[in-house]
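Presented below is the structure to which this report refers.
A quick note: this is a predicted structure, and the numbers were derived from the prediction, not measured. What you see below is based on every heavy atom in this structure, not just the backbone, and it leaves out hydrogens, waters and symmetry mates.
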Amino acid sequence: MRKHSNIRTRGALVLIVIFGILLHSCEELQFGNDFLEKEPSVDVTADTIFTSLELSERYLWGGYSTLPYGLNTNWSAKGNKLGMDILESMSDLCQSYLAWGGINELYYTGQYSAAVENSSPKTKYHFLQEQSWEGIRIGWNFIENAARIPDGSQSYIDQLKAEAKMIIALHYTDMFRHYGGLPWVDHAYAPTEETNMPRMTARATVDSIVALIDEAIPDLLWEVDDPSNWDGRFTAAGAMGLKARVLLFAASPLFNDDAPYLDGTAAAQNMTWYGGYDATLWNDAMEASKDLLDMVESMGGYGLVNTGNPRQDFQDAYYRRGNGEILISTRVRYQSPGWWNAEYYFYQSAGNYGTACPTKEYIDMFGMADGTPIDAPGSGWDAADPWANRDVRLYETALVNGDVYQGRTAELWIGGRERQNANFKGTASGFGLRKFLLERNNASAIGSVVHWPYLRLAEIYLSYAEAANEVNGGPTAEAYAAVDRVRSRAGLNDLEAGLSQEEFREAVLQERALEFGYEEVRWFDIIRWKREDLFTQNLHGVNTTDNGDGTFTYEVFELPPRYWQGNWSPKWYLSAFPPDEINKNYGLVQNPGWE
Amino acid sequence: MIILFGSILATMAQEYSLTGTITDATGEPLPGVTVLEKGSVSGTITDGNGMYTINVAPGDVLVFSFVGMETREIEVTNQRVLDLEMVSTMQDLEEVQVVAYGQQKKVSITGAITSVKSDELLKSPNASVANSLAGKVTGLSTVQFSGQPGADDPSIFVRGVASLSEERSQPLMIVDGVERSFMQLDPNEIESISVLKDASATAVYGVRGANGVIIVNTKRGEQGAARISASFSSGIQQPTRLLDFTDSYTYAQRYNEAQVNDNPELTPEQLRFTPEALEAFRTGSDPLIYPDTDWMDYILKPSAMQYKGNVNISGGTEKVKYFVSIGYLNQDGLFKTFDSQYDYNFSHKRYNYRTNLDIQVTKTTKIGITSGGRVGITNQPNTKDGMNFLFRNIYWSVPFSGPGLVDDRYVLSSDYYIPDNKKDGLDPFYGLGYSNILNNNLDFDIDIDQRLDVITPGLKFRAKVSYNTDYRHAKVRNSSVAHYEPYYLPDVNPEADSTDRTIVYRKIGSDGNLGYGENYGKGRNYYMEAGLSYAREFGAHNLGGLLLYNQRKVYYPSQFREIPTGLVGLVGRITYDYNTKYLADFNIGYNGSENFAQEQRFGVFPAFSAGWILSEESFMDALPFIEYLKIRGSYGWVGNDKIGGNRFLYLPDSYNPSSGGYNFGIDSPTNRTIAREGQIGNPDVTWETAKKQNLGIDLKVARGRLGVNFDLFRENRDDILTFRGTVPGIVAYDLPAVNIGEVENKGYEAELRWNDRVGAGARYWINLNISHARNEIIYMDEVPQNEDYLYRTGHPVSQPFGYIFDYFYSEGDAADTEIPDHQYDLKPGDMVYQDLNDDGVINQDDQMAIGYPVYPEYTFGANMGFVVGDFEFSMSWAGASNTSRMLDETYRVAFGATLNRSLLQYMADGRWTPETADQATYPRMTLTGKENNSKDSDFWLRDASYLRLKNLEIAYNFSGSFLQRLGISKMQAFLNGYNLLTFDTLDIADPESRTGSNSAYPLTKIYNLGVKVNF
């Protein structure tokens, strides 16, 4: 009996010890509610961020990361806009052969409709996936909290706030160019807030953007301090350039005319135009450009890349960071990671899948090496050797047969190394892309430092010339000088004197096409000038055949048709809002033609 | 004559030896039955085989009696053999049912619970035991999407879906009282699997119980001599169905046809496939330059082996009982490895081990030690775009992309002869090396059960501590391989004779060595509970109770890995019955979840249930054929705290101080770190609540041979955690979770069981069941839609939407102005859709609910079998209906999204042409019409109902004295199979598989042969 109880005691003791060990091993023994409390960890809240200059800056850099990049880069919602196509292929300058890209699926086939904007990531500007509204939220959130940042001089805090304003202004500028008037988000919304944000008129939208830029300019540095480390931040010059860009767009006939480009509710409410022609808009655009050009003259620090080597200068002007010509530069990474890398997809999509094959129409715009148009009498153009002795920008923009390429000559004939067969997508129009791809090798593009030249000083010269031509009813000497400044960098002669207003306008538009191909300028140029003629014309490519005796035969062929060539409607000028957003009833009104 | 008569009379009066076998209703022999001559004390009891022998005289009355069985009196006439089937009196009174945190007598259950025993699971040779449940348990549906070795666990639903997404409707899985997955346990380790369906069964799980609970108990030892059971089997796996792609010639023809359809002006030279290429494909004259490879056939073996083995020992004394099991599974994959230097084929080896001990420490104290684990070793190829895209990439390959391996060379045809990018079937994995992944799980529990009769009789203290770890180690061996492009000699060497057809190769890339990399993963969690239980009879009153505290901590969760997740709860239960006739249960769970703020953190989840066993009432005596009839009902509240993997939903705002970077500067490679705002918190979030009702009937008639169960349920799930859909996108914050969703789910389950015996040693059984669950979204915050039929609300969760296919456009229709504007120039053979809102345009607003979600609304099971002598036969059919699959990607678009991918045979055969317009089952071949013809529509939404022979087993039990000499109590050889037959209308792919971008490893059927020996 005694022994028995002994066993029992011992058994119980063993149990207690086992349980004790088990329980003890659970680091901190807690029960009930205490057990559920979030263990101490480093909670980072708004208080943490905005009570440190470094963390606040990090938050602002997040705003920079929302800025647009004109090339398709990766499979993120933002990086594959247009389904890995580029905006340029919507214009007359080039053709996309990317069968599964947004341009072929939605635009060339005419399958684009407002409903597509609800879900498809393949439209030219996606209202919600472009990160514009995220950028705007970051901007306002930063501005609202900036007063809490404890260290840093007041001027530096003001500069950061001004940069935040520019992030907002840049996103609005881009959206304005795709949609017209927009709802104005003027602070960072809290989930509990009412969200009634009616779409504003085109005028109010432009005024709001310009006001924001004007607020920012005085607080921004003229040039970036320590550009080696900080190039890419907003400067006063960049802000003035953006203002010039948005005002020129606003002054153009798309919005500034006697009638809206298309009737509809949004037009009736002046969301897609100014409600009438207003000559002062052209003046505002001219003044904005002039202000910047004058500042450049007086302050220095900026100028066109012009070392007397036109071809290299032109390449450096758009490709090289920190070249003094870039006013706004955006980034997705430091170096391109390689040709077949899905983190810089443009190489594949353009080089192999043909997102950006130049059209013959584009090639023909480039004049001779001295700038004479190829069809001008005495230009020296030789139909048997059509790509010789042309504007150097042609060779830096398109890959044409016979040009110097990878230490040899480019073979664009069918069966040649750049076009192994007629169906090879990368050069399916008979021309390849050179811009941004350079020589498609390690020596030039692959692994090089990359960026997106969102806005270059050269554009401001041409914008000034264009606006001055409209303000004065014809080209002035200053307007000529501005255009010639851009032409001379490319080694071209001055523009022909004595042009009429229309001729000069056309010459400037062409100059912009030649200078800014693949830089997201052309699309906006042809829509703001309502160039139905350029949308409806048939586009062409050239098949080159090697005759085997050093000569070539050229056969012009029609490129695959685009839906709007035969079914034109001005509705294509602006994008549709996603119907789901309109149905949320916070004040969006659909653009004309997409209701 | 008289003498004869007299002798008969004499015989009648004489005693003789009568024998017989006593069985229970299921035909199992009953040992220990008392056989008495009425009015005497002489008698016998049946032996281990239910046999008895007794000396009787005609006219004697024999009394057969056995605990729990109806006592039978039978008068002896002059038979020599008297077999008897005994019927249970108290309706399996002793049979127990696993319930939450314990067991209850089956008769007193008032909730909706269905169980499966181990032997049912052992009949299936498949690797994931969850797949064996299909068709066997009412209210439970499984969908097996993949047959990949080591990754073939199905999706499981208990009573369908009741939250706003399928992921959030997954049931809670409990193994031996602790939350753990049971799917990769060895079925030999499993005692029973119970599915808890209604609120009364799951309320005690509170905030986790809303989606149903699956409780698995592992086997434990029983008192007696050591029993050893060993089994081994080997089987062959074969794909149930492989996609059927066209050969090169058909592909090329159809591609050219598409080009001409799109642009009739094209000349043959302008087509992608030249006349030479077509001719070469047709004749197969040039297999290197113009290859024709059936990639599925080329890279996959027709079958792969699998082996299973298990040895387990159980037994015990009064003090110590043990169950020890070691199991082994080896599944080979279907990939050919050719002459590769290393093995990249899929394979999965699984070693399951378990030791369960029960120790009676003192008269009143029991300790249970439950330790089990498994080691899994998975081998798999390295792939280009990750395992999830392996099969998608293989399916994208085209037949003319290369001949495969020729003379040890990996040959890919060049773009020179057949233009455009093309991928071959080897490309996604061949030469890329392999990965070998070790998974090690170890679960360890200690239970204490202390009787406290000292305080009051029937009171017990119980406690449990469980500690579980898992560890993962992957060895990644990367490699690369060179490929060769074949050319005709003159095409690379202009000097050569232009008619020379000699093949020369150009080598591209290089053969890499096997690299080495590794990565690790780990996890651990602990669980503890302590509480009191009570069970006592007071005359006819039976009272039971349970009060328990538990908590669980999981380390290294997927989100905020550094902060463990916690769960705390109190469990209460009171059970009462009067005379086992009137039953009532009250269950309550009181839980807290870390996802919610202090004020919202704890919730009470009560459930009431009651039952009435009518067959115990005297008025039922009028219906003597009804042996057992119970009606039961329950009502209760259960919760769900899941919303994806998000945690701490209540914290007001959070920022990530280092999330990505931005590259400022000109030549500064270092990115500046970015800080981002996280999800906005909602301090008011709380759990979603399920209000569940259940009404059930259990019936047994015809002397227990026919059993019927019927359950009717309804669930209203409120406060479902979801996101608002109507917040303007332009506010651009990461939306907070809110409790606003509402779903109603209702349905029924019915089960019919019949078993009977025919003569001695032969019996058969059949079980038919059907389960139905249909849910409907009552509320979700939806964007206002232009048409009523566009709303998701009012439809089941994950309801597919799409256009309605009308007819194929044909030439004559051109003049018809009734055709709505498709915003695309329709060509003959293109799909015409119905203009649902009659606005003349086909757009987003013309989509409506079509078909059913991927989880079935109806599941069926038919399980049947018989035993004749030494033969056993059983089979199990499982079916599903009201389930759909949307054909997508490879399955839908000819030549794929990029127009250079594969073409399925059904598209090539069924395509529209002017000649076949009437019987076309696929639109015209086209490249430009892809967008119009491949919209989500009812044309692509296919019925995925199926009926399949999930399982079949034929077994033979050896008998003979040699067995006894070897000490063998049972020896069985068996042949069984899995997924043997499938009847469905999907045809193109397996009806359970996914038919979109996330194509997985094919489902397999298994033929398996084995032996089982018990000592």
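Contact annotation for B/P736: only side-chain heavy atoms (C-beta onward) come within less than 4.5 Å of a heavy atom of chain A. Looking at B/V727, the atoms closer than 4.5 Å to chain A (heavy atoms on both sides) all sit in the backbone: N, CA, C or O. For a residue to count as touching a neighbouring chain, one of its non-hydrogen atoms must lie under 4.5 Å from one of that chain's; by this rule A/Y97 does not touch chain B. Only the backbone of A/A190 comes within contact range of chain B, with at least one heavy atom under 4.5 Å from a heavy atom of that chain. Of the two parts of A/D47, neither the backbone nor the side chain holds a non-hydrogen atom closer than 4.5 Å to a non-hydrogen atom of chain B. Heavy-atom distances place no part of B/N263 under 4.5 Å from chain A, backbone and side chain included. Using a 4.5 Å cut-off between heavy atoms, A/A422 makes no contact with chain B at all. Of the two parts of B/Q785, the backbone and the side chain both hold a non-hydrogen atom closer than 4.5 Å to a non-hydrogen atom of chain A. Looking at B/Y824, both its backbone and its side chain come within 4.5 Å of chain A, counting heavy atoms on both sides. Residue contact with chain A, scored on non-hydrogen atoms closer than 4.5 Å, is absent for B/D734. Looking at B/I730, both its backbone and its side chain come within 4.5 Å of chain A, counting heavy atoms on both sides. Heavy atoms of B/L735 lying under 4.5 Å from chain A are absent altogether. Heavy atoms closer than 4.5 Å to chain B are found in the side chain of A/P183, but not in its backbone. For a residue to count as touching a neighbouring chain, one of its non-hydrogen atoms must lie under 4.5 Å from one of that chain's; by this rule A/Y108 does not touch chain B. Residue A/E105 touches chain B through both its backbone and its side chain, counting heavy-atom pairs closer than 4.5 Å. For B/T898, the parts lying near chain A are the backbone and the side chain together; criterion is any non-hydrogen pair under 4.5 Å. Only the side chain of A/I49 comes within contact range of chain B, with heavy atoms under 4.5 Å apart. For chain A, no part of B/T565 is nearby; none of its heavy atoms comes within less than 4.5 Å.
Counting only N and O atoms by type, the side chains of B/Q679 and B/S654 include no donor and acceptor under 3.5 Å apart. A/S228 and B/D667 share a donor-acceptor pair across their side chains, judged by distance under 3.5 Å alone.
Formation of a donor-acceptor pair under 3.5 Å by the A/R333 side chain with backbone atoms of A/V450 is not found in this model. A donor-acceptor pair under 3.5 Å is formed between the side chain of A/Q111 and the backbone N or O of B/Q823.
Ranking B/R601, B/Q598, B/R272, B/K930 against chain A, the residue ahead of the rest is B/R601, based on heavy-atom pairs under 4.5 Å. Counting heavy-atom pairs closer than 4.5 Å to chain B, the top residue among A/G232, A/A115, A/P191, A/P560 is A/P191. For chain A, the option among B/P669, B/G566, B/A897 with the highest count of heavy-atom pairs below 4.5 Å is B/P669. In terms of non-hydrogen atom pairs under 4.5 Å with chain B, the most contact-rich of A/P227, A/G110, A/S113, A/G63 is A/P227. Of all the listed residues (A/A188, A/S56, A/G62), the one sharing the greatest number of non-hydrogen pairs under 4.5 Å with chain B is A/G62. In terms of heavy-atom pairs under 4.5 Å with chain A, the best-connected choice from B/T673, B/N843, B/N786, B/N671 is B/T673. Highest contact tally toward chain A, considering only B/A732, B/G661, B/P728, is held by B/P728 [criterion: heavy-atom pairs under 4.5 Å].
For B/R524 and B/Y555, the positive end sits near the middle of the six-membered ring, less than 6.0 Å away and at most 45° from its axis.
Annotation: A/W61 is in aromatic contact with A/W230 [ring centroid separation under 6.0 Å].
Aromatic ring orientation, A/Y59 versus A/F50: perpendicular (interplanar angle above 60°, classes split at 30° and 60°). Ring geometry for A/F577 versus A/F127: interplanar angle over 60°, hence perpendicular rather than tilted (30 to 60°).
A salt bridge links A/K584 and A/E581; the closest N-O separation between the charged side-chain nitrogens and carboxylate oxygens is under 4.0 Å.
Expressed to the nearest 0.5 Å, how far CG of B/N591 lies from CG of B/D641 amounts to 8.5 Å. Atom OH in B/Y255 sits 7.0 Å away from atom CG in B/N900 (nearest 0.5 Å). Atom-to-atom distance recorded for B/E677:CD and A/N141:CG is 5.5 Å, nearest 0.5 angstrom.
Applying the side-chain contact (heavy atoms from CB on, under 4.5 Å) rule to B/F801 yields the partners B/R792, B/H795, B/Q799, B/A849; only residues at least two apart in sequence or on another chain are considered.
Contact between A/N118 and A/D580 at its shortest, heavy atoms only, is OD1-N, 2.9 Å. The shortest non-hydrogen separation linking A/E163 to A/F234 is O-CD1, 3.9 Å.
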